[in-house]
Amino acid sequence: MNSKAEQLRNLPAVDEILRDQTIGDMSTRFPRAQLVQWVREAIEDCRTSILASNILEGSEVKFDEHPEQLAQSIVDRVRVLGEEQNAMALQRVINATGVLLHTNLGRAPMAQRAIDRLQQATGYANVELDLGSGKRSKRGARATQLLAQLAGTDDAVVTNNCAGATMLVLQAIARDREVIISRGQLVEIGGGFRLPDVFTSAGVKLREVGTTNRTYLRDYEQAISEQTGAIIRVHRSNFALTGFVSEPAIDEMAAIQRPNSVPVIDDLGSGCFTDLSSLGLSEPTVIDSVKSGADLTLFSGDKLFGGPQCGIIVGKKRWIEKLRGNPLMRGVRVDKLTLAALEATTEIHLGDHAIQEIPVLQMMFESPEVIRKRCQHVCDCLPRIEGVDLSVVACDSQVGGGSVPGSSIPSFGVRMGGGCIEQIASGLRAGKPAIQARVAQDAIIMDLRTVRDGEIEWLLSRLRQTLQAVSGHA
Ligand SMILES: *Cc1c(COP(=O)(O)O)cnc(C)c1O
């Protein structure tokens with residue numbers, strides 16, 4: 001056994017590693033400065049290990065006798081750093097989880113018409129230019145016009161997301177005053193953000209009324225004072241409250257006697273324009289909210305609306321004008337790509353084929369039988385691998401993304417059981433396109449409700465590749 005000093009002397013130089021073939025191949029994808037930094041890090045890690053004398057632990061290789069092995073382990077380390085970097089790059093993922101609005105996967109996939117329109121806006125575009133007169137125009141004028149038309153309101157405004165929309169509304173309308181809200185609606189949305197915190201950061205004071213499970217109309221009525229700036233209802237979008245529960249409907253809230261300066265705001269979150277009752281789901285629609293008399297109705301663009309990420313506010317002109325004039329409007333405005341995709345998505349909703357054209361809706365209304373056949377096809381096309389049993393099983397798809405909590409839609413999935421589940425799941429995530437499946441205790445279930453026909457060939461080729469790799473190692 002050589003001394004630590006000798007081992008340290010055997011450490012390769014940075015240049016030596018950079019001349020390696022593997023590292024050379026990586027230089028087409030990564031800048032040289034990045035590679036040099038990784039090589040330095042890898043050598044440094046190795047040095048630390050030698051000093052700690054644990055470099056040989058659990059290893060057959062005697063680095064001190066084989067300096068080339070030491071170099072190879074450094075190259076391997078750099079290759080792993082590169083792979084980690086590649087995996088972090090934003091890329092296409094096939095969603096085999098069956099969760100339609102998967103926040104971790106970017107919620108709603110966009111409609112083809114929206115993608116085409118977005119593409120047109122990537123260069124110069126008439127974002128604030130009236131091509132008729134050649135004069136400056138109002139940003140997003142057409143999108144908001146279409147949205148107002150769709151919702152049946154006087155006007156509309158668009159922000160970066162629904163949380164931003166809420167902040168804008170409260171800041172512009174109720175700043176330094178009280179906002180009345182039911183205790184049953186003080187919800188936490190994704191990413192650890194709590195709506196009460198979002199609200200108060202807009203400079204309003206919450207006036208909580210009722211209890212967690214029951215809030216009455218009179219609770220709201222009694223809370224109204226000179227301090228009141230607004231009354232808000234927040235749709236419980238990511239959890240269900242059942243049992244001894246009660247709260248007034250939005251039309252009853254809109255009918256509350258109140259000063260002219262106090263609007264009723266309806267934060268719907270999911271922004272549904274489609275009747276989901278045939279699926280056994282009940283989700284309040286934007287149109288119902290507007291018809292019920294809400295002054296402002298807020299929803300996300302990338303939930304059941306099926307468009308790009310944005311916040312949409314529809315409602316009465318006098319309130320929308322106040323929003324447009326607020327300085328925060330400039331801080332939450334959307335870019336041209338969002339506007340382009342939003343315009344196209346709204347056009348689809350205004351037409352007669354929303355369910356066929358909007359992917360989220362199309363997948364949602366897909367019959368279980370069609371999905372079962374898709375699963376059978378995938379199952380039939382896959383090689384049989386020792387130790388992995390394949391079958392088609394019934395499962396449940398979730399709407400997700402803060403919509404229709406606690407409800408599910410019957411579906412089918414391809415089940416892969418056996419010993420190497422984790423290995424298969426990580427193999428599926430590692431290639432291109434990446435595949436995210438559902439991993440249960442003893443099996444992977446790929447719910448094919450959220451995998452579209454155009455993705456099946458990709459799915460198959462990635463599955464074949466991954467199964468073969470796993471069987472090769474077995
Ligand atoms: C999802 C949701 C939000 C947040 O919407 P983002 O577009 O993600 O900002 C706010 N309120 C409700 C009720 C929601 O469901």
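Both counts, for ligands and for their atoms, begin at 1 and track the order of listing. Because the structure is a prediction, the values reported are computed rather than measured.
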For ligand 1, is there an N or O atom under 3.5 Å from any N or O atom of [X]?
{"X": "A163", "answer": "yes"}
{"X": "S237", "answer": "yes"}
{"X": "S270", "answer": "no"}
{"X": "C162", "answer": "yes"}

- Query: What class does the angle between the rings of F273 and H349 fall in, given that below 30° is parallel, 30 to 60° is tilted and above 60° is perpendicular?
  - Reply: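 Answer is tilted, since the angle falls between 30° and 60°.
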- Heavy atom of R107, distance to ligand 1 below 4.0 Å: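 Yes, R107 has a heavy atom closer than 4.0 Å to ligand 1.
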- Assess K303 for proximity to ligand 1: is some non-hydrogen atom of it under 4.0 Å away? yes
- Message: For F193, is the CZ atom crowded, meaning more than 12 foreign heavy atoms sit under 6.0 Å from it?
- Response: no
- Task: Taking atom OH of Y124 as the centre, report whether more than 12 heavy atoms of other residues, nucleotides or ligands fall under 6.0 Å from it.
- Result: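 For Y124, atom OH is not crowded (no more than 12 foreign heavy atoms under 6.0 Å).
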- Note on the structure: Contact region, R233 to ligand 1, non-hydrogen atoms below 4.0 Å, reads neither
- Message: With side-chain contact (heavy atoms from CB on, under 4.5 Å) as the test, pick out the partner of T297 among V286, I313, V264, I312.
- Response: V286
- Message: Tell me whether D266 contacts the main-chain N or O of L268 through its side chain, where contact means a donor paired with an acceptor under 3.5 Å.
- Response: no
- Task: State whether the side chain of E455 and the backbone N or O of R452 hold a donor-acceptor pair below 3.5 Å, judged by distance alone.
- Result: yes
- Relative to the heavy atoms of S300, which atoms of ligand 1 are at a distance of less than 4.0 Å?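 What qualifies from ligand 1 is 5 (O), 6 (P), 7 (O).
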- So which of M167, H235, R236, Q185 gets nearest to atom 13 (C) of ligand 1, if we judge by its closest heavy atom?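 Heavy atom nearest to atom 13 (C) of ligand 1 belongs to H235.
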- Item | Shortest non-hydrogen contact between A254 and A294, atoms and distance |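 Here A254 and A294 meet closest at CB-N, 4.2 Å.
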